[in-house]
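First up is the structure itself, then whatever we jot down about it.
Both backbone and side-chain heavy atoms feed into the values below; hydrogens, waters and symmetry mates do not. Sequential numbering from 1 along the given sequence is applied to the chain's residues. These figures come from a predicted structure and were not determined experimentally.
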Amino acid sequence: MTRDIRYAEARALQGHRAGFASRVVADVLDLGVAWLLGLAMLVAAGVVRYLLTGPPLRLPVLPNWLDAGAIAAVAVAYLTFSWAATGRSVGKQVAGLRVVERAGHRLSLWRSFTRAVLYVLFPAGLLWILASRRNASLQDLIVRTAVVYDWAYQPADQASPTSDGASPRPTRSPTQA
């Protein structure tokens, strides 16, 4: 069921491509969520080890070479399944954003995975938004996706995030650089 968007400013931005600041806020929140998921996995492993071997309860300590890989794997899995399911991760939900294909449809699992791997391996690609006329990161250009403002509460495939059914609109007019 869709709910109306209360604020006129939000309604005016609905379906437009998201800018740098809102995407950075969403990505920082997602980084925190991925870190918490990794911590929860370590706590769960510690509890399982405690139940199997007895006291003391200790968190597993990963070797340095595995630590970064484990964090990256958790982040890729979290982003992949979030974007493939609804187009929103926790950070995107809080910021009112949705990741879609250029045509406005939900991402496939493969496209979500590719985009997540690119974001984890090369987060500096987000800076390309500052130079892009379409507010696209390098990852968006490679995977052919867009991040749009979307405060509507509907399943990702039920309706396009744009009000007119067209592809996501840029936030700047074509005459602006």
Side-chain angles (χ1 to χ4, degrees), residues 1-3 17-102 105-130 135-158 161:
M1 176 172 187
T2 18
R3 294 190 327 207
R17 292 179 189 257
F20 181 74
S22 50
R23 289 180 67 173
V24 167
V25 167
D27 291 342
V28 167
L29 289 171
D30 286 334
L31 179 63
V33 170
W35 182 82
L36 287 173
L37 286 172
L39 181 62
M41 291 171 63
L42 286 175
V43 169
V47 168
V48 168
R49 184 171 60 182
Y50 172 77
L51 292 174
L52 294 176
T53 64
L57 174 62
R58 283 186 267 158
L59 292 180
V61 177
L62 298 176
N64 288 338
W65 63 270
L66 184 59
D67 198 23
I71 291 171
V74 168
V76 166
Y78 161 67
L79 293 172
T80 297
F81 292 117
S82 297
W83 293 338
T86 62
R88 298 175 190 233
S89 55
V90 172
K92 299 273 190 277
Q93 177 70 34
V94 169
L97 306 177
R98 186 183 301 269
V99 181
V100 294
E101 291 181 351
R102 284 189 184 165
H105 301 289
R106 182 174 55 95
L107 270 62
S108 66
L109 187 62
W110 176 249
R111 188 170 281 190
S112 297
F113 174 74
T114 305
R115 189 174 194 276
V117 167
L118 290 172
Y119 259 89
V120 169
L121 292 179
F122 189 63
L126 189 66
L127 293 173
W128 188 253
I129 295 169
L130 298 171
N135 289 355
S137 67
L138 288 177
Q139 294 86 345
D140 291 329
L141 295 173
I142 293 169
V143 186
R144 297 182 181 165
T145 57
V147 178
V148 295
Y149 291 106
D150 185 11
W151 289 275
Y153 296 96
Q154 81 268 348
D157 282 341
Q158 192 174 41

key: R49, CZ: over 12 other non-hydrogen atoms inside 6.0 angstrom   =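 More than 12 within 6.0 Å, yes.
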[atom2] on [Y] to [atom1] on [X], rounded to 0.5 Å:
X	Y	atom1	atom2	value
Y78	W35	OH	CH2	14.5 Å
T53	R58	OG1	CZ	8.5 Å
L36	M41	CG	CE	13.0 Å
Q93	R98	CD	CZ	8.0 Å

request  = Any chance you could lay out the salt bridge (charged side-chain N to carboxylate O under 4.0 Å, His left out) test for D150 and R88, step after step, and finish with the verdict?
outcome  = CA-CA 10 Å; D150 185 11; R88 298 175 190 233; 3.5 Å; yes
Nearest atoms (heavy-atom pairs only) where [X] meets [Y]:
X	Y	answer
L62	A70	CD1-CB, 3.9 Å
A84	L109	CB-CD1, 3.8 Å
G91	L29	CA-CB, 3.8 Å
A146	D140	N-OD1, 4.4 Å
S112	L107	OG-CB, 3.3 Å
Q139	F122	NE2-O, 2.6 Å

With sequence neighbours excluded, what pairs up with [X] under the side chain to side chain contact (heavy atoms under 4.5 Å, CB included) test?
X	answer
L126	F20, R23, V24, D27, Y119, I129, S137
V47	V43, L51, L57
V143	R111, T114, R115, L118, T145
V76	T80, F113, A116, V117, V120

4.5 Å side-chain heavy-atom contact, K92 and V99 =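 Yes; the side chains approach each other to less than 4.5 Å.
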request  = Just jot down the side-chain hydrogen bond (donor to acceptor under 3.5 Å, both in side chains) partners of S89, sequence neighbours excluded, or say none.
outcome  =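 Counting only residues at least two positions away or on another chain, S89 forms a side-chain hydrogen bond (donor to acceptor under 3.5 Å, both in side chains) with D30.
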query = Residues two or more places apart in sequence or in another chain: which of them pass side-chain hydrogen bond (donor to acceptor under 3.5 Å, both in side chains) with S22?
reply =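 Only Y149 meet the side-chain hydrogen bond (donor to acceptor under 3.5 Å, both in side chains) criterion with S22.
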Pair listing, salt bridge (Lys or Arg N to Asp or Glu O under 4.0 Å) test, anchored in residues 65-83, at least two apart =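 Applying salt bridge (Lys or Arg N to Asp or Glu O under 4.0 Å) to every pair that reaches into residues 65-83, excluding sequence neighbours, yields nothing.
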